[in-house]
Amino acid sequence: MLIAIDGPAGAGKSTVARAVAAALGFTYLDSGAMYRCVALAELRGHPDPLGAAIGLGERITLEGEDVSTAIRAPEVSERASEVAARPEVREALVAMQRELIASGDYVAEGRDIGTVVAPGAELKVFLTASPQERAHRRAVQIGADAGQVLREQTVRDARDATREHSPLAAAPDAVEVDTTGRTREEVVAHIVALAGER
Ligand code: DC
């Protein structure tokens, strides 16, 4: 079974997807971390960023180095958004994601999982939250100023929503879940219940 969790940055995708995977005994796939790793490899001048070895697990690794924290830096977010707009990058990472997902039960997180990577996913959830709440959560996560995060987020949102390849959009058959003002436990229980109905 595949549960696809899409939605904009800061909607709570990672926290919720991880918790849903744990609750159901599924494997969690963070597709955004893959784009972030390619971006970090580029920023570091890696000769072949798309060919760099990415490790997805408890910790995210790049060429064997733990980059779980490094890939969350603002400049990596910025570059990841640019990298994710390139067709050759999307093609390569989508192929890797499809291969992984085919190997078992997954909760896969990312903006195009339910639309492009796995349109046949049994359950598609589009998580949302108000822009202010999303910026606040990201600011707390990375220890930055919420106003600054909100400004950067607005620019990234616009680019992600209007890019030519896989723009950010909910799959037509996705269930929209607004996490604004709801606890993680409430949201997770809601999604686990939805999964049980499929
Ligand atoms: O979800 P995130 O912030 O970690 O994603 C990092 C960047 O990669 C962000 O700009 C969106 C992009 N992305 C994407 O285009 N498709 C995905 N499946 C996952 C992330």
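Count residues from 1 along the sequence. Every number for a ligand or one of its atoms is a count from 1 in the order of the listing.
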Checklist entry - Just heavy atoms, cut-off under 4.0 Å: does Arg36 contact ligand 1 by side chain, backbone, both, or neither? => result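 It is the side chain that touches ligand 1; the backbone stays farther off.
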
Item to check | Which segment of Arg156 sits under 4.0 Å of ligand 1 when only heavy atoms are counted | outcome: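 Near ligand 1, Arg156 shows nothing, with every heavy atom at 4.0 Å or more.
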
Checklist entry - Within a radius of less than 6.0 Å around CD of Glu91, do more than 12 heavy atoms belonging to other residues, nucleotides or ligands occur? => result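 At most 12 heavy atoms, drawn from other residues, nucleotides or ligands, come within 6.0 Å of this atom.
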
Number the atoms of ligand 1 from 1 as they appear, then name those within less than 4.0 Å of a heavy atom of [X], with their elements.
X: Lys13; answer: 1 (O)
X: Asp112; answer: 16 (N), 17 (C), 18 (N)
X: Ser31; answer: 17 (C), 18 (N), 19 (C)
X: Arg90; answer: 14 (C), 15 (O), 16 (N)
X: Arg72; answer: 4 (O)
X: Ser81; answer: 10 (O)

With a 4.0 Å cut-off on N to O distance, would you call [X] and [Y] a salt bridge?
X: Asp66; Y: Arg59; answer: yes
X: Asp30; Y: Arg36; answer: no
X: Glu63; Y: Arg44; answer: no
X: Arg137; Y: Glu133; answer: yes
X: Arg72; Y: Glu78; answer: no

Item to check | Arg79, Arg111, Gln153: member with heavy atom nearest to atom 11 (C) of ligand 1 | outcome: Arg111

Checklist entry - Are any side-chain N or O atoms of Asp105 and backbone N or O atoms of Met1, one a donor and one an acceptor, separated by less than 3.5 Å? => result yes

